[in-house]
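Scroll down for the structure; my scribbles are underneath it.
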Amino acid sequence: MPKITSTTKLYALLGNPVEHSLSPLIQNAAFQSLALNCVYLAFCVKSKELMSIIDVFRKLRIPGFNVTIPHKVSIMKYLDKVESRASSIGAVNTVVNIKDKLIGYNTDGAGALVALKESCIDPFEKKVVILGAGGAARALSFYIAPLVKSLVLLNRTGSSAETLATNLCERFNVDSIFGRKLTKGVLLEELRDVDILINATSVGMYPKIDETLVDKTLLRQEMTVFDIVYNPFETRLLKDAKAAGAKIINGMKMLVYQGALAFEIWTGKKPPIDVMIKALAEALEGI
Ligand code: ATR
């Protein structure tokens with residue numbers, strides 16, 4: 001624990017629920033490793049409380065904070081500025097106070113891309129299938145869309161996948177992004193020649209750890225399968241993919257890299273990635 005003094009800076013996570021978040025662990029490990037006089041705490045904030053909490057944060061000159069479900073979209077209207085990529089994604093997960101102005105960023109998509117690249121997976125000129133069309137899928141697809149040969153978004157609610165695909169095609173001036181309703185037949189068709197499959201839904205997350213959207217017979221050795229779920233760190237989807245001989249990437253790295261990018265925005269310092277990964281791995285072993 002750092003020595004708490006009258007100059008200790010408070011960073012925070014605002015969300016609901018936040019009790020199970022591992023962000024405090026990662027961020028505090030990073031602050032401690034660089035001997036920064038900072039602490040990071042998680043606060044459970046209901047939607048109707050968000051505006052007043054932001055007002056208090058402004059008055060207290062809190063230097064930075066993260067927001068998570070359900071505030072990633074609603075926070076935007078309380079900020080002074082939203083960085084252009086976060087604005088295009090339509091969601092903010094990181095806020096920094098610069099000279100009493102609150103500026104919003106989104107580090108989820110960039111974090112996911114670093115996680116892929118760090119695992120030696122380059123989406124350049126590949127066919128990528130993303131399951132989901134919510135906030136996480138939006139952030140990810142925004143970063144991946146300009147690189148890939150084709151991108152297929154499959155979602156339980158087909159219309160949100162179609163809308164997202166149309167928006168991305170317009171934004172990047174391409175016609176290689178498609179949105180479809182997630183069905184067994186569509187999965188069979190789309191996974192036949194997929195290079196990278198990404199689960200950007202919450203399916204498979206604790207406590208429903210036996211759930212998966214993809215039948216194991218559709219998984220092949222030539223694929224890379226990336227699951228953004230990090231609890232458990234080997235989801236049913238990843239277990240099945242591993243058994244099929246596919247390369248797998250778990251959600252731990254994305255969690256660490258989105259946090260590391262937030263840390264860098266707040267402190268201007270190079271984040272101690274190894275320390276952050278170690279803190280997370282130790283915590284997940286204990287779950
Ligand atoms: P996040 O910000 O974490 O992405 P979200 O915006 O609520 O959270 O999005 C959750 C995603 O998981 C959505 O794509 C959701 O599909 P719908 O748009 O149809 O709601 C998807 N999802 C959640 N539970 C699901 C389930 N049981 N089966 C299929 N998709 C599911």
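Note that ligands are numbered from 1 as they come in the structure, with each ligand's atoms numbered from 1 the same way.
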For [atom], what's the nearest protein heavy-atom neighbour? Residue, atom name and distance, please.
atom: atom 9 (O) of ligand 1; answer: G134 CA, 3.5 Å
atom: atom 31 (C) of ligand 1; answer: R156 CZ, 3.7 Å
atom: atom 19 (O) of ligand 1; answer: T157 OG1, 2.5 Å
atom: atom 6 (O) of ligand 1; answer: G135 N, 3.0 Å

Parallel, tilted or perpendicular: which one describes the rings of F263 and F31, with boundaries at 30° and 60°?
tilted

Check [X] against ligand 1 and report side chain, backbone, both or neither, counting heavy atoms closer than 4.0 Å.
X: A133; result: backbone
X: V203; result: side chain
X: L182; result: neither
X: N155; result: side chain

Start with the C-alpha distance between R61 and D100, add both sets of side-chain angles, then the distance that settles salt bridge (charged side-chain N to carboxylate O under 4.0 Å, His left out), and finish with yes or no.
CA-CA 7 Å; R61 296 195 170 79; D100 291 337; 3.0 Å; yes

Going by heavy atoms in the side chains, are [X] and [Y] under 4.5 Å from each other?
X: V186; Y: L154; value: yes
X: F142; Y: N106; value: no
X: N250; Y: E234; value: no

Is at least one protein non-hydrogen atom found at under 4.0 angstrom from atom 27 (N) of ligand 1?
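Given the 4.0 Å limit, the answer for atom 27 (N) of ligand 1 is yes, a protein heavy atom qualifies.
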
Find all atoms of ligand 1 within a distance of less than 4.0 Å from any non-hydrogen atom belonging to [X], and give their numbers and elements.
X: A136; answer: 1 (P), 2 (O), 4 (O)
X: L213; answer: 28 (N), 29 (C)
X: G132; answer: 14 (O)
X: I69; answer: 3 (O)

Are D80 and R58 close enough for a salt bridge, meaning some N to O gap below 4.0 Å?
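Here D80 pairs with R58 in a salt bridge, since their nearest N and O are under 4.0 Å apart.
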
Name the option, out of V73, T201, V229, L153, that contains the heavy atom nearest to atom 11 (C) of ligand 1.
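Heavy atom nearest to atom 11 (C) of ligand 1 belongs to T201.
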
Rounded at 0.5 Å granularity, tell me how far OG in S88 sits from CZ in F172.
7.5 Å

Treating Ile, Leu, Val, Met, Phe, Trp and Tyr as nodes and any side-chain heavy-atom pair under 4.5 angstrom as an edge, say whether M276 and L255 lie in one connected cluster.
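Cluster IDs for M276 and L255 match.
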
Check for me, please, whether F57 and V82 land in the same ILVMFWY cluster - side-chain distances under 4.5 Å, paths through other members count.
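Same cluster: F57 reaches V82 through Ile, Leu, Val, Met, Phe, Trp or Tyr contacts under 4.5 Å.
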
